[in-house]
Asks: 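A single structure is presented below for examination.
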Protein chains: 2
Amino acid sequence: MAMRPETDDESKPQDGPHPSRRQGKPRGRPRSFDRETALERAILAFWEHGYEATSVSDLTRVMGIGAPSLYAAFGDKRSLFEEVVRAYGARYGSFGDRALAEEPTARAAVERMLREAAAGYTEPGRPHGCLVLHAATNCTTPEVEESLRERRNADIAAIESRIKAGIAAGELSADVDAAALARHTGAMIQGMSQQSRDGATKEELEALAELAMAIWPRS
Amino acid sequence: MAMRPETDDESKPQDGPHPSRRQGKPRGRPRSFDRETALERAILAFWEHGYEATSVSDLTRVMGIGAPSLYAAFGDKRSLFEEVVRAYGARYGSFGDRALAEEPTARAAVERMLREAAAGYTEPGRPHGCLVLHAATNCTTPEVEESLRERRNADIAAIESRIKAGIAAGELSADVDAAALARHTGAMIQGMSQQSRDGATKEELEALAELAMAIWPRS
DNA sequence: CGCATTTTATAGCGGGCACTAGAGAAAAGT
DNA sequence: ACTTTTCTCTAGTGCCCGCTATAAAATGCG
């Protein structure tokens, strides 16, 4: 698998000891790589190929470090993946939470979620679709698969809560099935993620988002 | 690796996908297992765990045969998987084609597809969701992943064709976007498959199917 | 300068992977 | 009976997996 052909352009551990690590001075030999950029490259690798299909030697190659450095800085493969999932959620997967928190109505929040998913899942220069959906399917480590499954179901539950809040606020009729509406939104987002992996364009996903909004009761 | 000594030899009793009935008796020691039931168990194993996460020793265990018997009867792991995908399509994955062929309108066909997906993806006693969707995501063998991707896109193209035929037959308005409608149906089915894997019940998926049909223009 | 501490590169560990060689076992042909 | 053909069982093959023992390198401290 062709990940990143180039590595190791810096020959020296940088003279300026990047001081943003700890308040005290580190005692031993300083780390020769930037932990954040290494983590970002691990995110991209896991995002594109998934947990199992990304081997430790794949990781050391794209992160530009040796295996002992990886284990010293991030723990074993599974704890690195957990950190990757957390960082992915903060950097790439928080558009849904933001939409739910910032938009004035549940309908507007869901519409924004779908539109941002259409754009984010097809963003050039990074893997398509959603890491939480695709990185741990068919996983031989059941705990890893289960942790992402819980995250997916929690996301749908968050949508349901927002819709219920919208009903309570009077913006939606009381006989709206919040759970079904939330599940529909989740299924659409998951379908869009799959479509983006299968080659759908941003415009096609945006048409999908617009179509999906037609089921919403007029508010 | 490519040196299997007796592959595709015409003089042998054909071990092809369907040995309907051979003319004459086979010469050597007879096979001690039923090829069809072994194949069915391989289907269930790949369906549940996916291509990569199902090892050959997993397969020999659930199929009840030794590794040499597996390789003699089915070829290597990849050709077994290809035969599994074909048999799965014929036995479990053909509800979509049947709906498209048998229902009188495109709308009725899609509605039936969604309802049968809701039931089939949550059928007790067998893996949930769709093998074509889940068995080869994050695959280190790109050809396997690609073959299922092509199958998924072909399924959506078949829906689009049926919708276009419906437009031509006058059952749908000419300004209906057949491609978008077909993609929406595909995304819904893919989302339903994911939901079923994440624990959704048949009733929840049926509510999803009903909700999804609300986007269809009244016909 | 030692000396302690931490990270680095090298090299390899045990184990599971897909796959197969070789010999025996069970049938039909002669 | 004997041969031929085909399948089954045992016991591996080499390879890659996640992971680590070891020692050299690079820093701060006295």
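We name chains A, B, ... by the order of the sequence lines, and we start the count at 1 in each one.
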Asks: Considering only side-chain heavy atoms of B/Tyr71, which listed nucleotide, C/dC19, D/dT10, C/dA9, is closest?
Replies: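 From the listed options, C/dC19 comes nearest.
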Asks: Please encode protein proximity along nucleotides 23-30 of chain C as a string of B, S and -, counting only heavy-atom distances under 4.0 Å.
Replies: -BBBBSS-
Asks: Heavy atoms from C-beta onward define the side chain here; which of C/dA18, D/dT20, D/dC9 lies closest to that of B/Lys77?
Replies: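 In terms of side-chain proximity for B/Lys77, the closest of C/dA18, D/dT20, D/dC9 is C/dA18.
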Asks: Would you kindly give the CG-to-P distance between B/Asp34 and D/dT8, to the nearest whole Å?
Replies: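 In whole Å, D/dT8 P and B/Asp34 CG are 12 Å from each other.
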Asks: Specify the separation, in whole Å, of atom CG of A/Leu70 and atom C1' of C/dA9.
Replies: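 That distance rounds to 14 Å.
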Asks: Under 4.0 Å from OP1 or OP2 of C/dT7: is there any side-chain N or O of A/Ser32 that close?
Replies: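 Result: no.
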Asks: Nearest whole angstrom, please: distance from the C1' of C/dC17 to the NE2 of B/His49.
Replies: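 B/His49 atom NE2 is separated from C/dC17 atom C1' by 17 Å.
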Asks: Output the rounded distance in Å from CZ (A/Arg31) to P (D/dA25).
Replies: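 About 21 Å, once rounded to whole Å.
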Asks: Nearest 0.5 Å, please: how far is CZ in A/Arg78 from CD in A/Glu83?
Replies: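 Interatomic distance, A/Glu83 CD to A/Arg78 CZ, rounded to 0.5 Å: 15.0 Å.
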Asks: Without decimals, in angstroms, what is the distance between A/Phe74 CZ and C/dT8 P?
Replies: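 Distance, rounded to whole Å: 11 Å.
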Asks: Has B/Glu145 got a side-chain atom pairing as donor or acceptor with B/Cys139's backbone, closer than 3.5 angstrom?
Replies: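 Pair found, side chain donor or acceptor close to backbone of B/Cys139.
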Asks: To the closest 0.5 Å, what do you measure between CD (B/Gln194) and OG1 (A/Thr137)?
Replies: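 Here the rounded value is 7.5 Å.
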Asks: Which part of the nucleic acid, if any, lies within contact of B/Thr60, taking any heavy atom under 4.0 Å across all strands shown: a base, the sugar-phosphate backbone alone, or nothing?
Replies: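 Result for B/Thr60 = nothing.
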Asks: Toward the 5' end of DNA chain D, which comes first, B/Phe33 or A/Ser57, by nearest nucleotide?
Replies: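 Its nucleotide being nearer the 5' end, the pick is B/Phe33.
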Asks: Of all the nucleotides listed (C/dA18, D/dC9, C/dA9), which has the minimum atom distance to the side chain of A/Ser69?
Replies: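 The nucleotide sitting nearest to the side chain is C/dA9.
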Asks: Just do the side-chain contact (heavy atoms from CB on, under 4.5 Å) check on A/Phe33 and A/Met63 with the steps written out, would you?
Replies: CA-CA 9 Å; A/Phe33 62 95; A/Met63 296 165 86; over 6 Å; no
Asks: Are there over 12 heavy-atom neighbours, none belonging to B/Glu210, within less than 6.0 Å of that residue's CD?
Replies: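 No - once you tally the heavy atoms of other residues, nucleotides and ligands closer than 6.0 Å, there are 12 at most.
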Asks: Tell me the interatomic distance from A/Glu52, atom CD, to C/dC17, atom P, rounded to whole angstroms.
Replies: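 Spelled out: CD on A/Glu52 to P on C/dC17 is 11 Å.
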Asks: Whole Å only: how far is the CG atom of A/Leu59 from the P atom of D/dG18?
Replies: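 Taking atom P of D/dG18 as the reference, CG of A/Leu59 is at 8 Å.
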Asks: What residues, two or more places apart in sequence or in another chain, satisfy ring pair (Phe, Tyr, Trp, His ring centres under 6.0 Å) together with A/Phe81?
Replies: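 Residues passing ring pair (Phe, Tyr, Trp, His ring centres under 6.0 Å) with A/Phe81: A/Phe46, A/Tyr51.
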Asks: Can you figure out which of C/dC19, D/dT20, D/dT8 approaches the side chain of B/Asp76 most closely?
Replies: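 The nucleotide sitting nearest to the side chain is C/dC19.
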Asks: Checking all strands, does B/Ala67 fall into the base, sugar-phosphate, or nothing category for heavy-atom contacts under 4.0 angstrom?
Replies: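 Base: the residue B/Ala67, judged by heavy atoms under 4.0 Å, touches a nucleobase.
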Asks: Identify, between A/Ala72 and A/Pro68, the residue whose nearest nucleotide on DNA chain C lies closer to the 5' end.
Replies: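 Here A/Ala72 is the residue nearer the 5' end.
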Asks: Counting only N and O atoms by type, is there a donor-acceptor contact under 3.5 Å from the side chain of B/Asp198 to the main-chain atoms of B/Gln195?
Replies: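 Looks like no, no N/O pair under 3.5 Å.
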Asks: Distance check needed: D/dC7 C1' versus B/Arg35 CZ, whole Å only.
Replies: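 Taking atom C1' of D/dC7 as the reference, CZ of B/Arg35 is at 14 Å.
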